[in-house]
Amino acid sequence: MDGRRRFRAGLILLGAVGLIGTLWFWLVEGYGVVEAAYQTTTTITTVGFGEVRPFDTSAQVFAIALMIVGVAVALFTFGGALEELVEGSVHRFGRRRMERRIESISQHLVLCGYGRVGESIAQSVDADHTVVVVDADEARCRNAVDRGFLAVPGDATEDD
């Protein structure tokens, strides 16, 4: 699961855990809705503000489970956000560098697609011409770069 999907799934799970906690404190423990949401938030975030009201045994057991699940889901979500941030930054950095190299060249050949045929065409071009590969599949672009060609991930039918 990539970072973006992991982050989205984490947000959904975090919302579900918050909703379940709020409903428990509201319906089972008899808190008001705002008190239940507040108690759920302080429990999941483990900020240590204490209980809105003293807990009985069932509330203590539920709060333990809510802390464990809530912290796990929050860390999962944070990890997805961090993964997306790091991967996005690395990807954008590499793409900017590639775009600068492409802007500085002239007398080049733009090859739309780097499948089996495109790869064969790229290898048959003489050394006097620089080959720039455009392919929607990022794995194919990485393969082209690994073989010494410039590559831009994108749809060759689009003007951009």
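These numbers were taken from a predicted model, which means no experiment stands behind them. Each residue takes its place number in the sequence, starting with 1.
Across all their heavy atoms, T157 and D155 have their closest contact at OG1-OD1, 2.7 Å. Taking each heavy atom of A151 and C141 in turn, the nearest pair found is CB-O, 3.6 Å. The shortest heavy-atom contact between G154 and V134 is O-CG1, 3.7 Å.
Under the 6.0 Å cut-off for aromatic ring centres, F62 and F25 qualify, their centroids lying closer than that.
Transitive grouping of hydrophobic side chains (ILVMFWY, heavy atoms separated by less than 4.5 Å) brings F49 and I44 into a common cluster. Residues V17 and V61 are members of separate hydrophobic clusters, defined by side-chain heavy-atom contacts under 4.5 angstrom among Ile, Leu, Val, Met, Phe, Trp and Tyr. L23 and V52 are assigned to two separate hydrophobic clusters, defined by single-linkage of ILVMFWY side chains at heavy-atom distances under 4.5 Å. V110 and I121 fall into different hydrophobic clusters, defined by Ile, Leu, Val, Met, Phe, Trp and Tyr side-chain heavy atoms under 4.5 Å apart, directly or through other members. Note on L27: it does not cluster hydrophobically with L66, by side-chain heavy-atom contacts below 4.5 Å among ILVMFWY residues.
Taking OG1 from T42 and CE from M67, the interatomic distance works out to 9.0 Å, rounded to the nearest 0.5 Å. Here H108 contributes atom NE2 and F149 contributes atom CZ; the two are 14.5 Å apart, rounded to the nearest 0.5 Å. Rounded to the nearest 0.5 angstrom, I20 CD1 and T22 OG1 are separated by 10.0 Å. Between atom CZ of residue R116 and atom CZ of residue R140 there is a gap of 10.5 Å, rounded to the nearest 0.5 Å. Between T40 atom OG1 and Y31 atom OH the span is 9.5 Å, to the nearest 0.5 Å.
Every residue meeting the side chain to side chain donor-acceptor pair (under 3.5 Å) condition with E35, not counting sequence neighbours, appears here in chain and number order: R53. Qualifying side chain to side chain donor-acceptor pair (under 3.5 Å) partners for D56, counting only residues two or more places apart in sequence or in other chains: S58. Checked against side chain to side chain donor-acceptor pair (under 3.5 Å), W24 has the following partners two or more places apart in sequence or in another chain: E29. In this structure, the side chain to side chain donor-acceptor pair (under 3.5 Å) partners of E119, at least two apart in sequence or on a different chain, are R147.
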Please tabulate, one pair per line, all N/O donor-acceptor pairs under 3.5 Å involving side-chain atoms of residues 74-82, not counting sequence neighbours.
residue	atom	partner	partner atom	Å
T77	OG1	G10	O	3.1
T77	OG1	V73	O	2.8

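With D135 contributing its side chain and Y114 its backbone, the two residues share a donor-acceptor pair below 3.5 Å. A donor-acceptor pair is defined here as one N or O able to donate and one able to accept, closer than 3.5 Å; no such pair exists between the side chain of T46 and the backbone of T43.
Other members of the cluster containing I64 are I68, with ILVMFWY side chains joined at under 4.5 Å, either directly or via other members.
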